[in-house]
Enquirer: 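My structure is below; once you've seen it, I'll send some questions.
Counting convention: from 1, in listed order, for ligands and their atoms alike.
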Amino acid sequence: MLSKREVFDGVPEEYLSHKERYENAIRNSVVAFSLVRKMQEEGKTSINNYRDVVGGLLGSSVLRDGSPLGLHYIMFMPAILNQANEEQQEKWLPRAWNCSIIGSYAQTELGHGTFIRGLETTATYDAATKQFVLHSPTLTAYKWWPGGLGQTANYCIVVAQLYTKGQCHGIHSFIIQVRDEETHMPLPGIKIGEIGAKLGLNAVNNGFLGFDNYRIPRTNMLMKHAQVLEDGTYVKSRHSKLNYGAMVFVRVVIVFDMVNYLSKAVTIATRFSAVRRQCQLKAGETECQILDYVTQQHKLFVSIAAAHAFRITANKLWLTFNEVNEQLVEGNLQRLPELHALACCLKAVTTADTAACVERCRLACGGHGYMMSSSLPLTYGLVTAACTYEGENTVLLLQTARFLVKTYQQLDSKALTPTVAYLKTAAAERFCVGWSNTTEGIIRGFQVVAMRVIIMSTFNEEVQEMSRTVSPQLKEVLHQLVDLYCTYWALEKLSDLLLYTPISQKEVESLRLRYEETLTNLRPNAVGLVDAFDLRDEMLQSTLGSYDGRVYERLMEEAMKSPLNAEPMLQSTLGSYDGRVYERLMEEAMKSPLNAEPVNYTFHKYLKPFMQGKL
Ligand SMILES: CCCCC/C=C\C/C=C\C/C=C\CCCCC(=O)SCCNC(=O)CCNC(=O)[C@H](O)C(C)(C)COP(=O)(O)OP(=O)(O)OC[C@H]1O[C@@H](n2cnc3c(N)ncnc32)[C@H](O)[C@@H]1OP(=O)(O)O
Ligand SMILES: Cc1cc2nc3c(=O)[nH]c(=O)nc-3n(C[C@H](O)[C@H](O)[C@H](O)COP(=O)(O)OP(=O)(O)OC[C@H]3O[C@@H](n4cnc5c(N)ncnc54)[C@H](O)[C@@H]3O)c2cc1C
């Protein structure tokens, strides 16, 4: 098994070229996902519960900047489970599950990502041959972004506008082979490659895909929800948005992902803050730990509380997701809009907050936080991408707003679904809720704010759940975290509270004092709280956050690994753009060294043996 950082004669991956990063990612991924296959064979993971296993691997040090095989598990397989009929699942799932085919998910195009009803790729049914003809009518119709598609996947789910009998029926999903299974060469009518270097996730091998009147069998349209019969008759789905199911699933999974990244970043920053001594609280004294500064506590402690809040929320969202999907199977679509709104809101809020908190953790570590070896810049690159993919955050919050406004408009005529029932209470109190500086008082205040602006999501604290299952000592600390999280956001959103609740100036002042008291109360447990995330050094991969606190020795050891300390010069930088966006993006993509060859050597050396179960 490859050791976690030994690649290319011991050169850490930060110093690899773009092409070497990809080749290294393939080597690491086939080894890592062979473990998943071994667990499958031993019955330790199944097609319905591999999320934790794959999620753990994708967040691990072995695949620290993503994996070309990630989308296979994250979207290709869930899309088959969610949108293929039984016959199609029998045909495709076993091959996907044992990785004898590697898939991706191709929805976004050069010209469209958010407005998916505007996608340009067409799938036109030819009844004479019982085939669909896939075509990219323009450059902007090229699929752009699908993970793993550049040089790795040989199949993918393609989302295209379905035409039959001269009529367009909107976007539908198709499973399409894009490369030869033996040679890995792109099939005739397929134009494919990778899109080039990105801010982060440079091991994911995001690709582009164009079709030139490419034919597939009718039965390659995923037909669980809608169908096209042999004569071209279109049978529509019970609900037009059931085809969006794969996106809802990934939005739910992303919330769990944010818990992992936020826990990692705040562990690194808190431990470093306990080791780092800088300046004196009183002249003549020894320099104090920077963790003793209230300003440092203000930067970090709310991230500890947020990691717990997000974990509780993610678990609750996962329960809701499974409940609603069980109801969908029984034909009950009643809670689908609520699930969509929840998944949109929580994906947007947790990714935006995590990106902000990870950046704050980096800033809290001074210059050492800016080092790649701290792992904080890499973590930021990973989480900030999540604000964009799987639905850009602004757009997803608008979806939630749309649902809340609609719910409010039906407040008196329709039973409310569980997660918006608070709107009834807030409405009943006619916004004149009395203010109290308690956790419950703050939550109620936000419910009133939400009621008024109908775009704030409310924060469901699971305090009762904690009091049943934890010791008095732990309960006290967890309550401190709850208090911290609520008072932090009450102070952050003070303008709303002042506008819409009767909070008084005196109460704001005591809220501020209470906030600082809570920081002080949490200080003695801060390192213990991040130790409780139980993240091994191998996971953190950080010179600043290692458990033993040997920060400076590690910084120097890592610095000495730079080839710059052994050689005079390294690569140059790339050219800039002239404003012709799509053509320039494609021209830049074609500069990638990966696109210079039809098939990278790692296919024959690693990927093919892995897919044939010979590794
Ligand atoms: C399993 C292993 C896990 C491992 C975990 C490890 C790692 C972490 C995980 C993930 C990270 C890694 C990789 C990420 C890969 C990312 C891949 C992608 O990015 S795939 C592409 C994603 N693209 C999008 O998300 C596109 C965003 N746009 C949309 O979703 C839609 O365009 C829209 C914004 C929702 C608008 O759709 P539309 O225009 O059709 O609808 P509207 O007219 O706005 O609304 C009409 C109506 O429909 C309702 N609705 C909309 N969507 C849904 C839905 N999904 N479900 C249910 N209902 C929906 C909407 O509410 C309206 O209802 P009403 O008001 O009643 O009319
Ligand atoms: C790392 C990464 C991996 C990805 N992986 C995949 C993948 O595997 N498969 C795949 O299909 N896609 C993938 N994507 C693409 C991703 O889903 C899209 O980037 C995303 O949906 C946003 O679409 P866009 O990039 O076209 O931006 P746009 O939709 O053009 O948005 C650009 C800006 O316009 C704003 N905007 C757009 N519409 C509205 C509106 N109605 N109201 C207000 N503001 C609006 C947005 O808020 C945003 O700020 C990936 C993207 C990234 C960054």
Side-chain angles (χ1 to χ4, degrees), residues 36 47-60 63 66-67 70-79 81 103-119 140 143-149 153 156-159 170-171 195 198-202 204-207 209 239-261 324 328 333 335-344 347-348 351 381-407 409-410:
V36 177
I47 207 151
N48 294 310
N49 73 357
Y50 66 80
R51 175 175 62 82
D52 293 336
V53 171
V54 172
L57 267 179
L58 289 173
S60 70
L63 307 172
S67 164
L71 255 290
H72 176 77
Y73 290 99
I74 293 165
M75 292 203 80
F76 180 70
M77 280 178 37
L81 281 164
S104 179
Y105 182 86
Q107 174 177 296
T108 304
E109 296 172 352
L110 257 176
H112 288 91
T114 291
F115 186 52
I116 52 181
R117 283 185 288 129
L119 292 174
T140 49
K143 293 301 177 186
W144 190 271
W145 279 110
L149 197 61
C156 69
I157 303 296
V158 173
V159 179
I171 56 172
I195 64 174
K198 306 181 294 287
L199 183 157
L201 288 166
N202 279 296
V204 170
N205 190 228
N206 299 87
L209 168 64
H239 187 300
S240 65
K241 303 307 177 193
L242 286 173
N243 270 346
Y244 290 19
M247 291 185 277
V248 177
F249 167 75
V250 178
R251 289 166 190 157
V252 171
V253 164
I254 286 172
V255 181
F256 283 98
D257 219 24
M258 291 306 111
V259 174
N260 297 335
Y261 287 129
V324 173
L328 291 181
L333 301 172
R335 289 188 66 193
L336 183 61
E338 174 196 26
L339 174 64
H340 165 55
L342 259 184
C344 285
K347 180 270 184 189
T351 54
L382 292 168
V383 297
T384 193
C387 296
T388 303
Y389 60 56
E390 215 53 67
E392 202 281 331
N393 281 357
T394 311
V395 168
L396 297 187
L397 287 174
L398 289 169
Q399 285 290 308
T400 304
R402 175 178 176 143
F403 170 75
L404 286 173
V405 167
K406 197 167 177 180
T407 301
Q409 290 160 343
Q410 299 167 349

Enquirer: Of Leu339, Leu396, Val248, which is the lone residue that meets side chain to side chain contact (heavy atoms under 4.5 Å, CB included) with Cys344?
Expert: Leu396
Enquirer: Hey, are the side chains of Leu342 and Phe403 touching, using non-hydrogen atoms and a 4.5 Å cut-off?
Expert: no
Enquirer: Tell me the protein heavy atom at minimum distance from atom 65 (O) of ligand 1, and give that distance in Å.
Expert: Arg402 NE, 2.6 Å
Enquirer: Please tell me if the side chains of Ile47 and Met77 come closer than 4.5 Å, counting only heavy atoms from C-beta onward.
Expert: yes
Enquirer: Taking a cutoff of less than 4.0 Å between a non-hydrogen atom of the residue and any ligand atom, is Tyr73 in contact with ligand 1?
Expert: yes
Enquirer: Could you tell me whether some N/O pair between His239 and ligand 1 is separated by less than 3.5 angstrom?
Expert: no
Enquirer: What protein heavy atom is closest to atom 3 (C) of ligand 2, reported as residue, atom name and distance in Å?
Expert: Asn206 ND2, 3.7 Å
Enquirer: Starting from atom 24 (C) of ligand 1, which protein heavy atom do you reach first, and at what distance in Å?
Expert: Met247 SD, 3.4 Å
Enquirer: If you define the side chain from C-beta out and look only at heavy atoms, does anything of Asp257 sit under 4.5 Å from Leu382?
Expert: no
Enquirer: Compute the shortest N/O to N/O distance between Trp144 and ligand 2 and return yes if it is under 3.5 Å, no if not.
Expert: no
Enquirer: Within a strict 4.5 Å, meaning less than it, do heavy atoms of the Asn243 and Ile171 side chains meet?
Expert: no
Enquirer: Report the nearest protein non-hydrogen atom to atom 28 (N) of ligand 1: residue, atom name, distance rounded to 0.1 Å.
Expert: Thr114 O, 2.9 Å
Enquirer: Can you check whether a protein heavy atom sits less than 4.0 angstrom from atom 25 (O) of ligand 2?
Expert: no
Enquirer: Atom 8 (O) of ligand 2: which protein heavy atom is closest, and how many Å away?
Expert: Gly147 N, 3.0 Å
Enquirer: Are any of the N or O atoms of Thr108 closer than 3.5 Å to those of ligand 1?
Expert: no
Enquirer: Going by the atom numbers of ligand 2, which of them fall below 4.0 Å from some non-hydrogen atom of Leu201?
Expert: 1 (C)
Enquirer: Should you measure from each heavy atom of Val248, which atoms of ligand 1 turn up under 4.0 Å away?
Expert: 55 (N)
Enquirer: Could you check atom 66 (O) of ligand 1 against the protein and tell me its nearest heavy-atom contact, residue, atom and distance included?
Expert: Lys406 NZ, 2.5 Å
Enquirer: Where the side chain of Arg251 meets the backbone of Glu390, is there a donor-acceptor pair that is under 3.5 Å apart?
Expert: yes
Enquirer: Tell me which protein heavy atom sits closest to atom 54 (C) of ligand 1, plus the residue, atom name and distance to 0.1 Å.
Expert: His340 ND1, 3.3 Å
Enquirer: Show which atoms of ligand 2 fall inside a sub-4.0 Å distance from at least one heavy-atom site of Gln107.
Expert: 11 (O)
Enquirer: Could you tell me whether Leu71 approaches ligand 2 through its side chain, its backbone, both or neither, with non-hydrogen atoms closer than 4.0 Å?
Expert: side chain
Enquirer: Who gets closest to atom 37 (C) of ligand 2 by heavy atom: Val395, Asn202, Ile157?
Expert: Val395
Enquirer: Considering non-hydrogen atoms only, spot the tightest contact between Thr108 and Gly113 and give its length.
Expert: CG2-CA, 3.7 Å
Enquirer: I'd like to check whether Tyr105 has a polar contact with ligand 2, where a contact means an N/O of the residue lying under 3.5 Å from an N/O of the ligand.
Expert: yes
Enquirer: Closest heavy-atom contact between Ala343 and Val252?
Expert: CB-CG2, 4.2 Å
Enquirer: Would you indicate which of Lys241, Arg251, Arg51, Gln399 comes nearest to atom 35 (C) of ligand 1 when only heavy atoms are counted?
Expert: Gln399
Enquirer: Backbone, side chain, both or neither: what part of Glu390 comes under 4.0 angstrom of ligand 2, heavy atoms only?
Expert: backbone
Enquirer: I'd like to know if the side chain of Tyr244 reaches the main chain of His340, judged simply by a donor and an acceptor atom lying under 3.5 Å from each other, with no hydrogens or angles considered.
Expert: no
Enquirer: Among all protein non-hydrogen atoms, which one is nearest to atom 5 (C) of ligand 1, and what is the separation to 0.1 Å?
Expert: Val253 CG1, 3.4 Å
Enquirer: Answer yes or no for atom 53 (C) of ligand 2: protein heavy atom present at a distance under 4.0 Å?
Expert: yes
Enquirer: Would you kindly specify which portion of Thr388 sits under 4.0 Å from ligand 2, judged on non-hydrogen atoms: side chain, backbone, both or neither?
Expert: both
Enquirer: So, does Thr140 use its side chain to make a donor-acceptor pair with the main chain of Leu110 at under 3.5 Å?
Expert: no
Enquirer: To check your reading of the model: name the closest protein heavy atom to atom 47 (O) of ligand 2, its residue, and the distance in Å.
Expert: Glu392 OE1, 2.6 Å
Enquirer: Over all heavy atoms of both residues, which pair between Leu201 and Ala385 is shortest? Give the atoms and the distance, please.
Expert: CD1-CB, 3.8 Å
Enquirer: Apply the side chain to side chain contact (heavy atoms under 4.5 Å, CB included) test between Lys347 and each candidate in Ile254, Val253, Thr400; give the one that qualifies.
Expert: Ile254
Enquirer: Which is closest to atom 13 (C) of ligand 2 by heavy-atom distance: Tyr389, Phe115, Trp145?
Expert: Trp145
Enquirer: Tell me whether Gly113 has any N or O atom under 3.5 angstrom from an N or O of ligand 2.
Expert: yes
Enquirer: So, for Leu71 and Tyr105, which heavy atoms are closest and what is the spacing to 0.1 Å?
Expert: CD1-CB, 3.9 Å
Enquirer: How far is atom 43 (C) of ligand 2 from the closest protein heavy atom, and which atom is that?
Expert: Leu398 CD1, 3.9 Å
Enquirer: Kindly indicate whether the side chain of Trp145, heavy atoms from C-beta on, has any atom under 4.5 Å from the side chain of Lys198.
Expert: yes
Enquirer: So which heavy atom in the protein is nearest atom 17 (C) of ligand 1, and how far is it from that ligand atom?
Expert: Glu390 OE1, 3.2 Å
Enquirer: Under 3.5 Å, side chain of Thr384 to main-chain N/O of Gly381, donor-acceptor pair present?
Expert: no
Enquirer: With the threshold set strictly below 4.0 angstrom, can you tell me whether any protein non-hydrogen atom sits that near atom 41 (N) of ligand 2?
Expert: no
Enquirer: Checking the N or O distance criterion of under 3.5 Å, is ligand 1 in contact with Tyr244?
Expert: yes
Enquirer: Out of curiosity, Glu338 CD to Leu404 CG, how far, rounded to the nearest 0.5 Å?
Expert: 10.5 Å
Enquirer: Flag the pair Val158 / Leu209 as yes when at least one side-chain heavy-atom distance between them is below 4.5 Å, and no otherwise.
Expert: yes
Enquirer: Considering only protein heavy atoms, which is closest to atom 29 (O) of ligand 2, and at what distance to one decimal place?
Expert: Thr114 OG1, 2.5 Å
Enquirer: May I ask you to test the Leu58-Tyr73 pair for a side-chain heavy-atom distance under 4.5 Å?
Expert: no
Enquirer: Only heavy atoms of Phe249, strictly under 4.0 Å: list the atoms of ligand 1 that pass.
Expert: 1 (C)
Enquirer: For atom 7 (C) of ligand 2, grab the closest protein heavy atom and report residue, atom and distance to one decimal in Å.
Expert: Pro146 CA, 3.6 Å
Enquirer: Can you pull out the closest protein heavy atom to atom 39 (O) of ligand 1? Residue, atom name and distance to 0.1 Å, please.
Expert: Arg117 NE, 2.8 Å
Enquirer: Could you tell me whether some N/O pair between Leu396 and ligand 1 is separated by less than 3.5 angstrom?
Expert: no
Enquirer: Please state whether Tyr50 comes within less than 4.0 angstrom of ligand 1, counting heavy atoms only.
Expert: yes
Enquirer: If you measure from each heavy atom of Gly113 to ligand 1, is any distance below 4.0 Å?
Expert: yes
Enquirer: Can you name the atoms of ligand 2, numbered from 1 with element, that are less than 4.0 Å from a heavy atom of Thr394?
Expert: 47 (O)
Enquirer: Determine whether a donor-acceptor pair (N or O, by modelled atom type, separation under 3.5 Å) exists between the side chain of Glu109 and the backbone of Gly111.
Expert: no
Enquirer: Starting from atom 17 (O) of ligand 2, what is the nearest protein heavy atom, named by residue and atom, and what distance separates them?
Expert: Thr108 OG1, 3.4 Å
Enquirer: Considering non-hydrogen atoms only, spot the tightest contact between Ser104 and Gly147 and give its length.
Expert: OG-O, 2.7 Å
Enquirer: Would a 4.5 Å heavy-atom cut-off, applied to side chains only, mark Lys143 and Leu119 as touching?
Expert: yes
Enquirer: Is Ile116 touching ligand 1 with its side chain, its backbone, both, or neither, if touching means heavy atoms under 4.0 Å apart?
Expert: both
